[in-house]
Structures are given as C-alpha cells and as structure tokens.
2 protein chains.
Amino acid sequence: MENQDIKKAGLKITLPRVKILTLLEKHGGHLSAEDVYKILLDEGEEIGLATVYRVLTQFESAGLVVRQNFEGGQSVFEIDSGTHHDHLVCIKCGKVEEFLDATIEKRQEAIAKKFGFTIKDHALVIYGCCDKAECNLE
Amino acid sequence: MENQDIKKAGLKITLPRVKILTLLEKHGGHLSAEDVYKILLDEGEEIGLATVYRVLTQFESAGLVVRQNFEGGQSVFEIDSGTHHDHLVCIKCGKVEEFLDATIEKRQEAIAKKFGFTIKDHALVIYGCCDKAECNLE
DNA sequence: AATGATAATGAGAAGATTTCTCATTATCAC
DNA sequence: GTGATAATGAGAAATCTTCTCATTATCATT
Ligand SMILES: [Mn+2]
Ligand SMILES: [Mn+2]
Ligand SMILES: [Zn+2]
Ligand SMILES: [Zn+2]
C-alpha cells in the first residue's frame, strides 16, 4: 500500500501524495513532473504543479522514486524498484528499455578504484533507434 | 590552427569563435557556457553570453566540441578529441576524470542488439568522491 | 583596397524547467 | 473535536538556454 510507504518516509498521507505515487505505480514508466501534472488534470484531480515537483523531490529523497536525467531538459521519475538498472532510450519515439549488466557494473568499480574514486551513483544511458519501423527511417 | 577548423565547419572566422575555441583548447577541461563567458570577460573580451551559447552549439553541430550533460543543470563542453570517452565526476569538488573501457563499450553493443536498438550515442557518468582529503570527509 | 551581399553579434526579451514564498487548508496526535 | 504543525496551490522568481532584431563584421568580388 502506498500509504505505508509515505508514512515510513516521515510524510503525512495527503491526497496529492497518494495520487502521485499511485499514478507512478500504475503507469510503471518514466514520467516527467509535467506528465504527472497533466495526467492528474485529465483524471480530474486539482493538484498544483508546484506540489507535483515538491512531492516528487520528497519521494526521491525518501527512496520511493528515482530521478533520471535523460537528454531533453526535463527530469523523469519512476518508482524505485529496489534494484538498480540503466536505460536504452529511442531518440525517435521516446521508448525506454531497462537493463542491468553485471559486467558493466563490475568494470565501473574497477575504473573507480583505479582513479581513487568512491562511487556514489552512476548513470548509463544508451541513445539510439528502436526496432519500430517508423524509428528506422534513415 | 583553430581558424581552419572553423572554416571547415562552414562558419566565418570571427573573433568570438576564435576566442572561444582557443579557450577550450587551452583550458582542456569541461566548461559551461557561463564558465566560458566569465573567463572571456576576465580576459577583457566583450563577447555576449548569447554568442557563447550560439557558438558552442554550432561547434557541437560541427563536431568541434562535445556537450556533456552531467547532473547540475548546466551543460559542459570540451574539445572533441576524436576519441570517445566517458566520465568520473567528483560530487564534492567537481573534478572530472576521463576513461574509456573497451569491455563496457562492447557490452553496450550486445545490449542494444538484444533490444533491437541501433546505438547513436551513449553517456556513462560515474558520480563519486575523489581521493582528495576534503572530498572524503564522511 | 573599396563594395556589397550575407552572416554574425550583442542586448534584451522570451521560453522552459524548476524552486520559492506565503496565505490558506488539511492532517493527525492528543 | 482541537490545535500545533505540515502541506498545498497560485503566482512570483530563479536558472539555464534560445530567440529576436537592429547593428556590425566578414569575405568574395570587383
Ligand atoms: Mn527505469
Ligand atoms: Mn571529457
Ligand atoms: Zn523508437
Ligand atoms: Zn573531489
């Protein structure tokens, strides 16, 4: 239940928070704050854009959602599944695929060690064209 | 010589373009448009911020510089060395290290193939703390 | 070297995304 | 239920970047 997750994060259970978290869970994908705001509007919810941004940031701090900074300006958010993964993004249609490659993850550790870095986070995004016909024209 | 690179890109050789390209070459690092603007100001050059943004974008299109989108809002630019590389970024002091790992590069191809993607580009950024004393407190 | 068509510049406006402020409202421990 | 406190929503504002347009510089051609 979303409510318990919100409570565990030390946040009060409010309608905007429940709606936003439920939406992210149902949608399952990668949504920008604007996306969330518009979908909620379509669903008849009167939740302010500032609240959407504020709540998404709080959820990120609480570990409920993960922020991804793909190219294109806007951050996108997804439910924190608990297991890290990286992304493939189609530059034509926006499709996003997720992957986790143990070899790549291990190599990163070796590289960090070599340079004396302690890894806190990383982001690997592969941009390309997916296999849909309309994404392969030229 | 910078001038030939600018000419080859189909751009007129102007003072702002020469100054910006020379600065990036001399500095060697990863500079934001604002960084470039301020350094040029300090050097007594009267180059507008809009021109800096415009020229950096043109240089990117021409393949003279590469844009990197690290976390933190601003894009940073570096001279296109001709050889792709990825980055380690210290979240404490901002230090940037570059690396190229053949294993990681190969695995990406395999992953893209598996998902039916044709890779156009990719970005791997490892965020962490570098080995400087002041970057390791806690 | 002067001319002129055209491209480039710089200042400020404007666009885009995100955060902040603050008066009002909702939550929840008591 | 009451009240202390947290959350919300609207709009202002901050931040980064692009656009507009009048002015200026470049450079191929004389
Ligand atoms: Mn994902
Ligand atoms: Mn680099
Ligand atoms: Zn596609
Ligand atoms: Zn450091």
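Atom set for the values below is all heavy atoms of this structure, side chains included, hydrogens, waters and symmetry mates excluded. Naming convention: chains lettered A, B, ... in sequence-line order (proteins, then strands); numbering from 1 in each chain.
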Peer 1: If hydrophobic clusters are built by linking Ile, Leu, Val, Met, Phe, Trp and Tyr wherever their side-chain heavy atoms come under 4.5 Å apart, do A:Tyr53 and A:Phe77 end up in the same one?
Peer 2: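 Looking at the clustering, A:Phe77 is in the same group as A:Tyr53.
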Peer 1: Looking at residues 36-64 of chain A, who's got a heavy atom less than 4.0 Å off DNA chain D?
Peer 2: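 Those residues whose heavy atoms fall under 4.0 Å from DNA chain D, taken from residues 36-64 of chain A in numerical order, are A:Glu46, A:Ile47, A:Gly48, A:Ala50, A:Thr51, A:Arg54, A:Val55.
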Peer 1: Can you give me the closest heavy-atom contact between B:Cys129 and B:Cys135, atom names plus distance?
Peer 2: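 For B:Cys129 versus B:Cys135, the nearest heavy atoms are CB-O, 3.4 Å.
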Peer 1: Please tabulate, for side-chain N and O atoms in residues 8-21 of chain B, each donor-acceptor pair with protein atoms closer than 3.5 Å (sequence neighbours left out).
Peer 2:
unit_1  : atom_1 : unit_2  : atom_2 : d
B:Thr14 : OG1    : B:Arg17 : N      : 3.4
B:Arg17 : NH1    : B:Lys12 : O      : 2.9
B:Arg17 : NH2    : B:Gln58 : OE1    : 3.3
B:Lys19 : NZ     : B:Glu45 : OE2    : 3.4

Peer 1: Residues two or more places apart in sequence or in another chain: which of them pass side-chain contact (heavy atoms from CB on, under 4.5 Å) with A:Ile39?
Peer 2: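 Scan of A:Ile39 (side-chain contact (heavy atoms from CB on, under 4.5 Å), adjacent residues dropped) gives A:Leu23, A:Leu31, A:Glu43.
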Peer 1: Would you indicate what B:Ser32 reaches in the nucleic acid, counting non-hydrogen atoms under 4.0 angstrom: base, sugar-phosphate, or nothing?
Peer 2: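 Touches nothing.
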Peer 1: Please state how far atom CD in B:Gln74 lies from atom P in D:dT15, giving the value in whole angstrom units.
Peer 2: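 Going from B:Gln74 (CD) to D:dT15 (P), I get 10 Å.
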Peer 1: Between A:Phe117 and B:Val89, is there shared hydrophobic-cluster membership here, with clusters defined by ILVMFWY side-chain heavy atoms closer than 4.5 Å?
Peer 2: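 No; B:Val89 is not reachable from A:Phe117 via cluster members.
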Peer 1: Estimate the overall bend of the helix from C:dA1-D:dT30 to C:dC30-D:dG1 from the end axes over five pairs each, rounded to 10 degrees.
Peer 2: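 Axis angle across the helix from C:dA1-D:dT30 to C:dC30-D:dG1, nearest 10°: 30°.
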Peer 1: Is the shortest side-chain heavy-atom distance between A:Cys130 and A:Lys92 below 4.5 Å?
Peer 2: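 Counting from C-beta outward, A:Cys130 and A:Lys92 never come under 4.5 Å.
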Peer 1: Under 3.5 Å, which N/O atoms of the protein pair with N/O atoms of nucleotides 27-30 of chain D?
Peer 2:
unit_1 : atom_1 : unit_2  : atom_2 : d
D:dC27 : OP1    : B:Ile13 : N      : 2.9

Peer 1: Do the side chains of B:Phe59 and B:Val76 join up, straight or via other hydrophobic residues, at under 4.5 Å, putting them in one cluster?
Peer 2: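 As far as the 4.5 Å side-chain criterion goes, B:Val76 and B:Phe59 are not connected within one cluster.
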Peer 1: Table please: side-chain donor-acceptor pairs of residues 63-71 of chain B below 3.5 Å, with sequence neighbours left out.
Peer 2:
unit_1  : atom_1 : unit_2  : atom_2 : d
B:Arg67 : NE     : B:Glu60 : OE1    : 3.1
B:Arg67 : NE     : B:Glu60 : OE2    : 3.4
B:Arg67 : NH1    : B:Ser75 : OG     : 3.4
B:Arg67 : NH2    : B:Glu60 : OE1    : 3.0
B:Gln68 : NE2    : B:Glu78 : OE2    : 2.9
B:Asn69 : OD1    : B:Ser75 : OG     : 2.8

Peer 1: My understanding is that only residues two or more places apart in sequence, or in another chain, count here; which of them pass side-chain hydrogen bond (donor to acceptor under 3.5 Å, both in side chains) with A:Asp35?
Peer 2: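 Expected list: A:Ser32.
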Peer 1: How long is the span from the CD1 atom in A:Ile126 to the NE2 atom in A:His87, to the nearest 0.5 Å?
Peer 2: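 Going from the CD1 atom of A:Ile126 to the NE2 atom of A:His87 covers 11.5 Å.
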Peer 1: To the nearest Å, how far apart are B:Lys19 NZ and D:dT26 P?
Peer 2: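 In whole Å, D:dT26 P lies 13 Å from B:Lys19 NZ.
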Peer 1: Would A:Ile6 and A:Leu24 show up in the same hydrophobic cluster when neighbours are defined by side-chain heavy atoms closer than 4.5 Å?
Peer 2: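 In one cluster: yes.
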Peer 1: Considering all heavy atoms of both residues, which atom of A:Tyr127 and which atom of A:Ile91 are nearest to each other, and what is their separation?
Peer 2: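 Minimum heavy-atom separation between A:Tyr127 and A:Ile91: CB-CG2, 3.7 Å.
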Peer 1: Could you give the side-chain donor-acceptor pairs of residues 98-107 of chain A under 3.5 Å, partners two or more places apart or in another chain?
Peer 2:
unit_1   : atom_1 : unit_2   : atom_2 : d
A:Glu98  : OE2    : A:His30  : NE2    : 3.0
A:Glu98  : OE2    : A:His85  : NE2    : 3.1
A:Asp101 : OD1    : A:Thr103 : N      : 3.1
A:Asp101 : OD1    : A:Ile104 : N      : 2.9
A:Asp101 : OD1    : B:Arg107 : NE     : 3.3
A:Asp101 : OD2    : B:Arg107 : NE     : 2.8
A:Asp101 : OD2    : B:Arg107 : NH2    : 2.5
A:Glu105 : OE2    : A:His84  : NE2    : 3.2
A:Glu105 : OE2    : A:His122 : NE2    : 3.4
A:Arg107 : NE     : B:Asp101 : OD1    : 3.3
A:Arg107 : NE     : B:Asp101 : OD2    : 2.9
A:Arg107 : NH2    : B:Asp101 : OD2    : 2.5

Peer 1: Extract, from 5' to 3' on DNA chain C, the first and final nucleotides lying under 4.0 angstrom from some heavy atom of chain B.
Peer 2: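 Listed 5' to 3', the contact boundaries are C:dT6 to C:dG12.
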